[in-house]
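Along the sequence shown, residues are numbered consecutively beginning with 1.
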Amino acid sequence: MSPHAAGRRSVHRSVATGLPLTLAAVLVAAGTAAAAPSGNARVVRTATLGEIPLGTFSNALLPGSVSDDRGVKLGGIGSDIYPAGRKGEYWTVTDRGPNGQIRVDGKKRRTFPVPGFDPAIVKIRVAGKDVEVIDAIPLTTASGKAVTGLPDQRSRDEAPYTFDARTPLSYDPNGLDTEGIVRAGDGSFWLVDEYGPSLVHVSARGRVLARYVPEGLGLTGADYPVVEALPSVLLHRKVNRGFEGLAQLPGGDLVMALQSPLSLPDGDAGEASRTTRLLRFSPREKTVTAEYAYRFDPVNVVDPSEDDTSELKISSVVAVGRDRLLVEERTDKAARLQLVRLGRGADILGGPWDDDTTSPTLEQLDDPAAAGVPVLSKRLVVDLGKVAGVPGKIEGIARVDHDTLALVNDNDFGMTDGEGAFDARGRLVDSGVRTTVTYVRLPKGL
């Protein structure tokens with residue numbers, strides 16, 4: 001047994017009983033009163049995550065993984081939220097960790113100020129006005145090493161740099177930009193990732209069991225099984241816009257949402273398109289069994305303050321019955337939840353729209369339905385942008401009961417872009433945005 005493995009087990013037990021005292025002691029009370037209703041939906045509860053030093057959190061899970069957290073606090077757990085069984089308890093997942101962009105010589109560089117950060121599954125409890133961390137599971141490779149959140153491939157992903165964008169960092173074929181999360185009946189987890197894009201099966205202890213990627217990706221050097229089982233058309237995903245939403249249907253099938261339209265045939269087409277894709281995956285058969293075309297509303301309908309179509313994203317999908325999903329269309333400032341049904345007649349898997357030589361592509365069609373594409377029909381459930389008290393950048397949604405949803409925001413670890421993200425000593429200038437869990441009650445049940 002490696003020292004890291006032994007340390008991980010002992011820390012894991014203390015985390016499960018409330019985290020090490022060094023973490024529990026820094027949790028601070030915060031929150032807001034229930035907001036007044038806006039329309040028929042209303043916020044009924046808000047709770048806020050306290051300030052936990054990122055280095056303290058990470059090193060409790062994988063000793064020595066973070067040598068300098070640069071003043072960053074635990075955040076980013078709002079990439080998704082999934083009910084953990086007990087009332088008020090949820091599984092969440094971090095993304096790849098603190099990252100930003102700084103322009104150098106006229107070009108943007110992607111920064112990773114805490115490159116040793118290991119994405120983690122975090123179990124939380126909503127207690128009054130506080131969000132408490134009650135468990136945490138580091139994501140590890142087959143040999144127990146940290147997965148890290150660094151980009152995978154030089155030919156495909158953004159180059160990683162230090163916090164000041166001056167020194168290149170190494171790529172990591174094990175790196176994951178984790179997003180959606182669900183828990184299977186056997187206690188294992190399924191996650192989605194933006195880099196591949198990929199679907200990742202993780203043991204109950206956080207070990208990556210398999211990473212399912214597009215055919216032809218050619219990812220080598222990973223310390224876990226990599227299986228090319230997804231349609232090759234996904235190789236055209238926009239940078240940092242791979243899979244973000246993940247749902248588990250009652251029968252066990254998974255539904256993955258591509259955050260943005262593919263860059264097909266090129267980036268300009270992807271930026272202008274309002275058509276993205278959902279994929280259905282069978283864990284039993286370990287294969288994609290269906291694919292669906294999903295059409296965004298115009299960007300100024302989703303967010304009246306926005307006119308850039310490329311700002312549209314799907315960040316969360318939630319199963320609300322057999323073959324029924326809530327789909328979150330959002331910008332960073334607004335979000336709307338749509339109800340869709342995954343009918344057999346809407347399946348486009350293996351057809352011309354999965355062939356990247358088809359012209360025009362699915363993404364180029366101004367009106368896919370008129371061109372014969374079976375676009376998923378949808379019905380608006382709630383416009384969260386019109387509900388007072390809902391924060392921006394909602395990335396995770398869980399169903400609490402028949403008429404209540406729990407929302408979690410991504411605070412980006414308190415980071416902002418630009419040279420001003422860090423002070424002269426290299427310490428984070430925190431944005432002040434906190435991680436919150438917000439309960440919204442709907443006028444009608446789902």
Side-chain angles (χ1 to χ4, degrees), residues 30-50 74-84 87-95 122-133 179-182 192 244-248 257 259 302-303 312-320 325-340 380-413 433-446:
T32 63
S38 175
N40 292 320
R42 61 192 180 97
V43 170
V44 294
R45 187 177 185 181
T46 300
T48 305
L49 179 67
L74 175 65
I77 67 170
S79 288
D80 203 5
I81 185 169
Y82 190 78
K87 184 178 180 179
E89 295 185 3
Y90 303 93
W91 293 106
T92 66
V93 64
T94 70
D95 58 17
V122 183
K123 191 177 185 181
I124 62 171
R125 177 191 295 130
V126 176
K129 295 180 179 180
D130 297 332
V131 174
E132 301 172 348
V133 176
E179 295 292 345
I181 181 172
V182 300
V192 287
E244 183 147 311
L246 178 66
Q248 184 171 232
Q259 185 182 17
V302 177
D303 181 353
L312 289 169
K313 311 173 182 76
I314 292 179
S315 277
S316 184
V317 288
V318 183
V320 293
L325 291 177
L326 272 185
V327 178
E328 181 202 10
E329 298 182 24
R330 74 164 181 92
T331 67
D332 282 353
K333 295 173 288 186
R336 286 158 44 107
L337 303 185
Q338 305 278 358
L339 185 66
V340 304
L380 180 65
V381 173
V382 61
D383 186 339
L384 294 174
K386 295 181 179 179
V387 180
V390 173
K393 206 174 184 187
I394 295 295
E395 290 200 3
I397 298 171
R399 190 181 186 187
V400 178
D401 54 41
H402 76 288
D403 64 357
T404 308
L405 302 174
L407 319 177
V408 65
N409 68 313
D410 180 8
N411 80 328
D412 293 319
F413 293 83
V433 177
R434 308 286 292 279
T435 298
T436 62
V437 175
T438 304
Y439 286 78
V440 172
R441 184 157 296 155
L442 305 176
K444 297 180 180 179
L446 291 171

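Here Ile124 contributes atom CD1 and Asp130 contributes atom CG; the two are 11.5 Å apart, rounded to the nearest 0.5 Å. Atoms CD and CG, on Glu329 and Asp383 in that order, are 10.5 Å from each other to the nearest 0.5 Å. Here the straight-line distance linking atom CZ of Arg42 with atom CG of Leu442 works out to 11.0 Å at 0.5 Å rounding. Here the NZ atom belonging to Lys129 is positioned 10.0 Å from the OG1 atom belonging to Thr46, to the nearest 0.5 angstrom. To the nearest 0.5 Å, the span separating CG on Leu337 from CD on Glu328 amounts to 6.0 Å.
Taking 4.5 Å as the limit, some side-chain heavy atom of Arg45 sits within range of a side-chain heavy atom of Val126. Side-chain contact between Val133 and Leu74 is present, with at least one heavy-atom pair separated by less than 4.5 Å. Side-chain contact between Leu405 and Leu326 is present, with at least one heavy-atom pair separated by less than 4.5 Å. A 4.5 Å side-chain heavy-atom check between Asp95 and Glu179 finds at least one atom pair inside the cut-off. The closest side-chain heavy-atom distance from Ile394 to Ser315 is not below 4.5 Å.
Looking at every heavy atom in both residues, Ala398 comes nearest to Pro83 through CB-CD, 3.9 Å. For Ala319 against Ala247, the heavy-atom pair with the smallest separation is N-CB, 3.8 Å. The shortest heavy-atom contact between Val440 and Val390 is CG2-CG2, 4.0 Å.
Partners of Arg125 by side chain to side chain donor-acceptor pair (under 3.5 Å), not counting sequence neighbours, listed by chain and number: Glu89, Glu132. A search for side chain to side chain donor-acceptor pair (under 3.5 Å) contacts involving Thr436 returns Asn409, not counting sequence neighbours. In this structure, the salt bridge (Lys or Arg N to Asp or Glu O under 4.0 Å) partners of Glu244, at least two apart in sequence or on a different chain, are Arg330.
The side-chain contact (heavy atoms from CB on, under 4.5 Å) with Tyr90 is formed by just one residue from the set Ile181, Val400, Ile77; it is Val400.
Here the side chain of Arg434 pairs no donor or acceptor atom with the backbone of Asn411 at under 3.5 angstrom. Side-chain N or O atoms of Thr92 include one that pairs as donor or acceptor with a backbone N or O of Val122 at under 3.5 Å.
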